[in-house]
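Numbers here are sequence positions counted from 1. Note: hydrogens, waters and symmetry copies are ignored here, and every other heavy atom, side chains too, is used.
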Amino acid sequence: MTIISISILNRSGKVLLSRQFVEISRIRIESLLSAFPRLVNSSKQHTYVETESVRYLYQPLESLYVVIITTRGSNVVEDLETLRLIRKLIPEYLPLYASLDEESILEAAFELIAAFDEVVDWGGLRENVDVQQVNVLTEMFSHEEKLANMIKESKMMEAKEVAKRRAESLSREKSEREKLNKLGSDFGRLQGRSFGGISAESYQASMTMPETGFTFTGMSNYGNLDSKTSQPPMTVENSKVVSAGIGGKGLSLAGSRKQDAVLEALRKEGELMTSPAAQSKMGSTSEEKQIRNLKTKVKSTISQESVHFVAQEDIVLEMNRDGVIHSFEIKGNLILKVSDSTKASVRIHTRLGDMQAFQVRTHPNIDKNLWTSSQVLGLRDASRGFPVGSPLSILRWRLTSSEERMIPLSINCWPAESSTETVVIIEYELVAIRELENVFIHIPVPKSASTPKLRGADGEYSFNSRLGVVEWKVSIIDKNKPQGSLEFVTEPAPATSFFPVEVSFVSNEIYGDIGIESVRGYSDDSEYKFSFEKLLTTERYSIVHD
C-alpha cells in the first residue's frame, strides 16, 4: 500500500487542502487533482476510479470530496479503510459548532495536516491507529509549558494581591492621619483654654506644614515657643501623638507612655494598619508555597550524565466520593537530554516489561523497524544525531483504566451536616503505588463559613481564608503508614460545598515497566554512561460529589 496524497476538494474541483507523503512535484500533484472532477461520474456508486498511472479513492463529505491518490498496485481494501478513518477524523479537528464547509476546512488546515501525518507516515504507509489514538498523539501536551503557565498565573495573582494590600494601606494611612490631626486639634483647644498659649489652628498647622522649620520642643506657663530646633517632616510611620503638658512641661513630640497608650488603643480598635514592609515579612502566601513545591517536584535528585533519561508519567483522574472512577488515564514520556555533542549519534537499547495494556508510540524521527524488531531507539538518519542541550520526548505510552485497584491513592470525603455544624472527615489510603511524597489535599470550604476548627489530622493543616480551602499536607505516604485522616468542624453547609477535592503528589515509581539497558554509539558501537530517573506527577486528580 502506497498513498501518494490525501486531499480535500470542493465539488467544482478547487483544492482546499492537500498533503503528500512521497517525493512528488507540485505541478504533478496539481495535474492529478485537476483531472479528478472529470473522472467522477455521479451516476455510479463506485468510491474509486483508476487512470493509467494512479487510483483515486474518494468519498463525498457534504459539499466536499475527500480524495486519496494511490498507486495502482496498492491494496484497495486497506486504502478504503484509510479513507473511512480520514473521513471520521475531519470533523474532530474543525472549530466548535462549525459546519463542513470550505471556511472551516481552511481554518483547521494545520490541525488536519498534523492528524494526517499520524495516519500515514512519510513513504505512504498507513500507521495502525484509530481516531482516539490520533487525538492523543496530536494533543502535544507539555509539562514544561504547564509549569510555566502556573508560575505566570501565580505571579499575576501575587501582583494583584500586592496592589490590593497597597490600596488598603494607603486608605488606612489617610484615616490615621485624619484621626491624629483631630486628636492634635483637641489637645490644642484644651491647651489654649487652659493657658492661652497655643491655639488648635496653630497646632494643626504645625502638623500639616512641617516644611516651615518650626517645631514644638517646649512650652512655659505663658505659651512661649522655642523655634530654634528643626525637626524632620512628620509622617504616619514616624509621627508620635502630641501630649499636653501642665505645670511648665508643655508640649512634646518625644515618645511617651501616654503616646504609646493612645496608639495601642487605636490598634485595638483596628484603626492602625501594619506597614507594607511589615506585611511583606509575614510570610508567603499558599500559592507561592505551592509553586515552590511544584519546583521541588520536577527537580532532579540524581547526578546527571551527559546522556540523561527521564521516564515521566502524568496522572489524570476523576472519581466520585463513592469510589466510582469517571476517568483514569496515565500519560508517559521517555525524555532524552544529551549535553555532549560527541554523544548525539547513539542507539538506546531499552527493556520493556509487561506493557501489553499500554499504547506505545515512538517519535516520528525514530526508526520504527529497528524499534519493532529489537526495542532499540535510534534515528532514521543517524548522521543528524539527537538535539544537544534540549530535552526530546522519544517515546510515549498511554494507559486508560476503570479499575479502582490501579489508582495510586484513594480519597474518601464524608461531610455530615446538622442544624448547628458540619463535621467533615477526609481519609486517604495508599493503593497501587508503594510511596508518595509531598501529598497536598485541598478541600473547599464555603466562603460564608468561619475558620474551620480542627479535631485531628495526620500531617500539616492550614486554612486559606482568601481562597476558601483547607490545605492538608502529608510529607510522605508509604507502606509503614498507608492510611491517614483529617477531621474539622465548620458552620452548617451542604455536602456539595466541600467538593471537588483536589490532590497532588510526586513519586519516583511509575506504572510503565520501562528501563534502559545500554546506550551505544551509532558508528563504533562504543558504550556510553547514562543516568536514568523516574517521575510520577499529577496533571489533574479530583474527587467530585457525584
J.: Is the shortest heavy-atom distance from the side chain of Glu118 to the side chain of Glu127 under 4.5 Å?
T.: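 Glu118 vs Glu127: side chains apart.
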
J.: Calculate, to the nearest 0.5 Å, the distance between atoms CD1 and CG belonging to Ile443 and Leu486 respectively.
T.: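 The CG atom of Leu486 is 6.0 Å from CD1 of Ile443, to the nearest 0.5 Å.
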
J.: Does a side-chain N-to-carboxylate-O contact under 4.0 Å join Arg466 and Glu161?
T.: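 Glu161 and Arg466: salt-bridged.
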
J.: Do the side chains of Glu313 and Lys534 get close enough for a salt bridge, i.e. N-O under 4.0 angstrom?
T.: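 Here Glu313 does not pair with Lys534 in a salt bridge, since their nearest N and O are not under 4.0 Å apart.
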
J.: Hey, is the main chain of Ile105 close enough, under 3.5 Å, to the side chain of Tyr93 for a donor-acceptor pair?
T.: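 Pair absent, no side-chain N/O of Tyr93 close to backbone of Ile105.
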
J.: Restricting to salt bridge (Lys or Arg N to Asp or Glu O under 4.0 Å), what partner residues turn up for Arg384, sequence neighbours left out?
T.: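 Salt bridge (Lys or Arg N to Asp or Glu O under 4.0 Å) list for Arg384, sorted by chain: empty.
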
J.: Check the pair Trp472 / Phe488 against ring pair (Phe, Tyr, Trp, His ring centres under 6.0 Å), numbers first and verdict last.
T.: CA-CA 11 Å; Trp472 181 20; Phe488 63 87; 9.7 Å; no

J.: Answer yes or no: is there a side-chain heavy-atom contact under 4.5 Å between Leu454 and Phe463?
T.: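 A side-chain contact under 4.5 Å is absent here.
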
J.: Looking at every heavy atom in both Leu336 and Phe309, which two are closest together, and how far apart are they?
T.: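 Minimum heavy-atom contact is CD1-CE2, 3.5 Å.
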
J.: Got a sec: does the CD of Glu103 have more than 12 other heavy atoms crowding it under 6.0 Å?
T.: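 Not buried by this count: 12 neighbours or fewer within 6.0 Å.
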
J.: Just by distance, do the side chain of Thr400 and the backbone of Glu329 share a donor-acceptor pair under 3.5 Å?
T.: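 No; judged by distance alone, with no hydrogens or angles, the pair does not exist.
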
J.: Would you say Val469 and Val445 make side-chain contact, with heavy atoms under 4.5 Å?
T.: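 Result no, sub-4.5 Å side-chain heavy-atom pair not found.
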
J.: Can you pull the salt bridge (Lys or Arg N to Asp or Glu O under 4.0 Å) pairs that have at least one residue in residues 408-425, sequence neighbours excluded?
T.: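 Qualifying pairs, neighbours excluded: Glu421-Arg455.
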
J.: Among all residues two or more places apart in sequence or in another chain, which pass the salt bridge (Lys or Arg N to Asp or Glu O under 4.0 Å) test with Lys155?
T.: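 Result, salt bridge (Lys or Arg N to Asp or Glu O under 4.0 Å) vs Lys155: none returned.
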
J.: Is the shortest side-chain heavy-atom distance between Lys337 and Leu392 below 4.5 Å?
T.: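 No, their side chains stay 4.5 Å or more apart.
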
J.: Taking atom CH2 of Trp414 as the centre, does the number of heavy atoms from other residues, nucleotides or ligands within less than 6.0 Å exceed 12?
T.: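 No - once you tally the heavy atoms of other residues, nucleotides and ligands closer than 6.0 Å, there are 12 at most.
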
J.: Would you say the side-chain atoms of Tyr428 and Asn412 include a donor-acceptor pair closer than 3.5 Å?
T.: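 The criterion, which ignores hydrogens and geometry beyond distance, is not satisfied for Asn412 and Tyr428.
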
J.: Measure the spacing between OH of Tyr461 and CD1 of Ile426 and express it to the nearest 0.5 Å.
T.: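 Going from OH on Tyr461 over to CD1 on Ile426, the span is 11.0 Å.
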
J.: Would you say that Gln356 contacts Asp354 through its side chain, given a criterion of any heavy-atom pair below 4.5 Å between the two side chains?
T.: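 Yes. Closest side-chain heavy atoms under 4.5 Å.
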
J.: What I'd like to find out is whether the side chain of Leu317 reaches to under 4.5 Å of the side chain of Met319, using heavy atoms alone.
T.: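 Leu317 vs Met319: side chains touch.
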
J.: Can you list everything that forms a ring pair (Phe, Tyr, Trp, His ring centres under 6.0 Å) with Tyr541? Sequence neighbours excluded, please.
T.: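 For Tyr541, the residues satisfying ring pair (Phe, Tyr, Trp, His ring centres under 6.0 Å) (neighbours in sequence not counted) are Phe505.
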
J.: Considering all heavy atoms of both residues, which atom of Leu85 and which atom of Val129 are nearest to each other, and what is their separation?
T.: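 Between these two residues, the closest heavy atoms are CD2-O, 3.8 Å.
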
J.: According to ring pair (Phe, Tyr, Trp, His ring centres under 6.0 Å), who are the partners of Phe386, at least two apart in sequence or on a separate chain?
T.: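 Result, ring pair (Phe, Tyr, Trp, His ring centres under 6.0 Å) vs Phe386: none returned.
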
J.: Would you say Thr350's side chain and Gln375's backbone share a donor-acceptor pair under 3.5 angstrom?
T.: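 Flag set: sc Thr350 to bb Gln375 pair under 3.5 Å.
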
J.: Measure the shortest side-chain to side-chain distance between Asn508 and Leu535 over non-hydrogen atoms and say whether it is less than 4.5 angstrom.
T.: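 Sidechains of Leu535 and Asn508: no contact.
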
J.: Indicate the atoms forming the closest heavy-atom contact of Val346 with Val519, along with that distance.
T.: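 For Val346 versus Val519, the nearest heavy atoms are CB-CG1, 3.8 Å.
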
J.: For Phe530 and Ser518, which heavy atoms make the closest approach, and how far apart are they?
T.: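 Looks like CE2-CA, 4.0 Å.
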
J.: Which salt bridge (Lys or Arg N to Asp or Glu O under 4.0 Å) pairs, counting each pair once, include a residue from residues 496-516, with sequence neighbours left out?
T.: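 Of all non-adjacent pairs touching residues 496-516, those that pass salt bridge (Lys or Arg N to Asp or Glu O under 4.0 Å) are Arg351-Asp513, Arg434-Glu509.
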
J.: Are Arg321 and Pro415 side-chain neighbours, meaning at least one heavy-atom pair lies under 4.5 Å?
T.: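 Yes, at least one pair of side-chain atoms sits under 4.5 Å.
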
J.: Do His326 and Glu318 have side-chain N/O donor and acceptor atoms under 3.5 Å apart?
T.: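 Yes, Glu318 and His326 have a side-chain donor paired with an acceptor closer than 3.5 Å.
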
J.: Check Val388 against Ser339 and note the closest heavy-atom contact, atom names and distance.
T.: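 Shortest heavy-atom separation between Val388 and Ser339 comes out as CG1-C, 4.0 Å.
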
J.: Are Ser531 and His308 close enough that a side-chain donor and a side-chain acceptor fall under 3.5 Å?
T.: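 Looking only at side-chain atoms, His308 and Ser531 do form a donor-acceptor pair, the distance falling under 3.5 Å.
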
J.: Would you call Asp367-Arg347 a salt bridge at under 4.0 Å N-O?
T.: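 So Asp367 does not pair with Arg347 through a salt bridge.
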
